[in-house]
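See structure below.
Each chain gets a letter, A, B and so on, in the order its sequence line appears, and its residues count up from 1. Everything quoted here is computed from the prediction, not taken from an experiment.
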There are 2 protein chains.
Amino acid sequence: MAVHNTIQGVSTRDKIIKLGRDFIQKIGYHSFRYQLIAKELNIKNAAVHHYFPAKEDLGVAVIEKDRSDFLDLIEAGKEQSPREKTEVLLTMYANYCLSGKNLCIIGATTSIYSELPPKMEKAANEYIETIESWLIDVLREGHQNGEFRFEETPENLAAVWISTLPGALQVAQAKGAGFFRGVLEQLRRTLLPA
Amino acid sequence: MAVHNTIQGVSTRDKIIKLGRDFIQKIGYHSFRYQLIAKELNIKNAAVHHYFPAKEDLGVAVIEKDRSDFLDLIEAGKEQSPREKTEVLLTMYANYCLSGKNLCIIGATTSIYSELPPKMEKAANEYIETIESWLIDVLREGHQNGEFRFEETPENLAAVWISTLPGALQVAQAKGAGFFRGVLEQLRRTLLPA
DNA sequence: GTCTATACGCTGATAGAC
DNA sequence: GTCTATCAGCGTATAGAC
């Protein structure tokens with residue numbers, strides 16, 4: 001599909017997913033419209049529907065793309081220390097904040113969770129599960145090798161992190177980037193209590 | 001206005017605000033419609049518009065009502081210890097989780113922050129500021145009297161709390177109530193590190 | 001793959017009678 | 001204060017030509 005475009009670099013389909021993700025993270029799934037993507041790509045509404053017949057199809061593709069990118073990221077860093085691995089996650093969120101992405105995928109989906117079409121709910125659950133289970137493993141690994149010194153369970157600590165990061169990204173819109181930096185500083189401390 | 005209704009108990013206007021808050025916390029501001037309120041009160045769409053001509057007017061009223069309720073709550077507990085005061089906040093959120101309220105007002109507003117009408121943005125900012133400044137004071141008070149033993153600044157710790165609580169409420173929809181309890185347990189520990 | 005054109009439903013909102 | 005009636009606008013989605 002779209003062979004010539006693929007050869008040139010990025011297919012229209014991939015551009016749509018990328019733009020869809022950008023818009024969803026900036027204004028949320030409900031506020032994002034196909035027209036925004038069409039305008040950006042200088043095509044028409046109907047052309048976007050050619051790739052993703054229903055909006056929820058694109059929604060699922062965006063979630064899965066972001067999950068896939070995350071898996072690539074952790075695969076690339078699998079030889080790093082636990083501390084470095086947690087920094088990957090924190091840096092990812094710091095970049096969201098700095099680049100005007102007001103929501104992560106977790107926040108974008110859970111803030112409208114009760115309204116999600118079944119396929120999107122399923123994709124969101126898998127997405128969250130992926131990050132959570134990875135984080136639990138990283139925390140446990142760091143605890144066992146002595147790099148981390150927290151006293152709570154890796155499960156509970158991971159639960160706090162995947163709640164705090166989406167929440168802080170949202171609240172930082174009202175309180176500013178300094179607010180978010182303070183939260184990051186705090187999360188780092190939870191790994192090494194005095 | 002609506003004197004006879006007020007005498008009977010609760011005015012239609014107050015019922016609309018209460019229902020508006022319920023719906024906003026369950027399905028979010030964008031998904032909530034006047035028709036849902038009208039149906040619940042056995043009146044028509046136009047009747048709701050009589051009290052709140054524009055949807056954002058009701059949005060503002062809901063935020064201010066929730067802020068007012070919170071102020072009443074902390075006024076009632078002003079003689080409590082810092083520890084008891086923090087429990088008031090945690091219990092409030094635990095009740096959200098248990099009563100099917102998927103979003104707090106902070107989460108409901110910050111998840112669509114970039115799309116908020118100016119008046120709602122202002123109301124949201126005041127709301128967040130109210131909770132944040134109260135919490136900072138409580139944390140500082142508890143630290144000074146020795147009830148809390150955290151090592152970070154009250155400002156940063158408060159920032160974490162008002163990010164974590166809205167975030168955890170959202171994510172708990174996907175992970176279940178046990179997830180939320182784990183987060184609460186963890187937050188309590190941050191006041192008393194080992 | 002992209003277009004024009006259009007249908008459709010829904011929601012916010014208004015006018016005016018009662 | 002509540003109603004009936006109605007509207008305009010928007011967003012999703014489709015049909016069919018090119």
Side-chain angles (χ1 to χ4, degrees), chain A residues 1-20 22-24 26-62 108 112 114-120, chain B residues 1-24 26-63 108 112 114-120:
Chain A
M1 57 175 80
V3 175
H4 63 287
N5 275 335
T6 303
I7 290 175
Q8 287 175 5
V10 181
S11 70
T12 300
R13 186 173 194 277
D14 288 343
K15 288 180 187 169
I16 290 171
I17 294 176
K18 185 181 185 311
L19 283 169
D22 289 345
F23 283 122
I24 287 173
K26 280 191 183 175
I27 63 178
Y29 178 76
H30 282 145
S31 299
F32 134 75
R33 293 152 289 171
Y34 271 22
Q35 196 188 355
L36 292 171
I37 288 180
K39 192 177 179 183
E40 199 76 24
L41 294 179
N42 286 311
I43 58 179
K44 298 299 176 184
N45 220 339
V48 183
H49 277 282
H50 169 72
Y51 297 96
F52 300 96
K55 191 182 176 185
E56 69 175 273
D57 297 328
L58 177 51
V60 169
V62 164
I112 55 169
S114 68
E115 302 294 297
L116 287 178
K119 289 177 186 173
M120 280 187 68
Chain B
M1 57 176 81
V3 175
H4 63 288
N5 275 335
T6 302
I7 290 175
Q8 287 175 4
V10 181
S11 70
T12 300
R13 187 188 150 88
D14 288 344
K15 288 180 187 168
I16 291 172
I17 294 176
K18 185 181 186 312
L19 284 169
R21 175 164 61 176
D22 289 345
F23 283 122
I24 287 173
K26 279 192 182 171
I27 63 178
Y29 178 75
H30 282 144
S31 298
F32 133 77
R33 293 152 288 171
Y34 270 22
Q35 197 189 355
L36 292 171
I37 289 180
K39 191 177 179 183
E40 199 76 25
L41 294 180
N42 286 311
I43 57 178
K44 298 300 176 183
N45 221 339
V48 183
H49 277 283
H50 169 73
Y51 296 96
F52 300 96
K55 190 180 175 183
E56 68 175 274
D57 297 328
L58 177 51
V60 169
V62 164
I63 297 170
I112 55 168
S114 68
E115 302 295 298
L116 287 178
K119 289 177 185 173
M120 280 187 68

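A salt bridge does not link Asp14(B) to Lys18(B): none of the charged nitrogens lies less than 4.0 Å from a carboxylate oxygen.
Taking the side chain of Ala46(A) as heavy atoms from C-beta on, and the options dC3(C), dG12(C), dG1(D), the nearest nucleotide is dC3(C). Residue His49(A) places its side chain closer to dT12(D) than to any other of dT2(C), dG12(C), dT12(D). Of the candidates dT2(D), dT11(C), dT2(C), dT2(D) carries the atom nearest the Ile43(B) side chain, counting heavy atoms from C-beta on. Which of dT4(D), dT11(C), dG1(D) sits closest to the side chain of Tyr51(B) comes down to dG1(D).
Closest approach of Asn45(B) to Ala38(B), counting heavy atoms only: N-CB, 3.8 Å. The shortest non-hydrogen separation linking Ile37(B) to Val48(B) is CG2-CG2, 4.2 Å.
Residue contacts shown for Asn42(A) are limited to sugar-phosphate atoms, with no base heavy atom under 4.0 Å away. Using a 4.0 Å heavy-atom criterion, one finds that Phe52(A) contacts no nucleic acid atom at all.
For the pair Lys15(A) and Tyr51(A), the cation does not sit on the ring face, since its NZ or CZ is not both under 6.0 Å from the ring centre and inside 45° of the axis.
As a whole-Å value, the separation of Lys44(B) NZ from dG16(C) P is 22 Å. Between Leu58(A) atom CG and dT12(D) atom P the separation is 11 Å, expressed in whole Å. Protein atom NZ of Lys15(A) is 14 Å distant from nucleotide atom C1' of dT2(C), rounded to whole Å. In this structure, Arg13(A) places its CZ atom 13 Å from P of dT2(C), rounding to the nearest Å. At whole-Å resolution of the value, CG in Asn45(A) and P in dT2(C) are 13 Å apart. Between the OH atom of Tyr34(B) and the P atom of dT14(C) there is a distance of 10 Å, rounded to whole Å. For Gln35(B) and dG12(C), the CD to P distance is 9 Å, given to the nearest whole Å. Following rounding to the nearest Å, Ile37(B) (CD1) and dA13(C) (C1') show an atom-to-atom distance of 15 Å.
Contact annotation: Thr12(A) reaches the phosphate of dT2(C) (side-chain N/O to OP1 or OP2, under 4.0 Å). For the OP1/OP2 pair of dG1(C) and a distance below 4.0 Å, the side-chain nitrogens and oxygens of His50(A) include at least one atom meeting the criterion. Taking side-chain N and O atoms only, Lys55(A) has a distance below 4.0 Å to OP1 or OP2 of dT12(D).
A parallel orientation is assigned to the rings of Phe23(A) and Phe32(A), their planes being inclined by less than 30° (bins at 30° and 60°).
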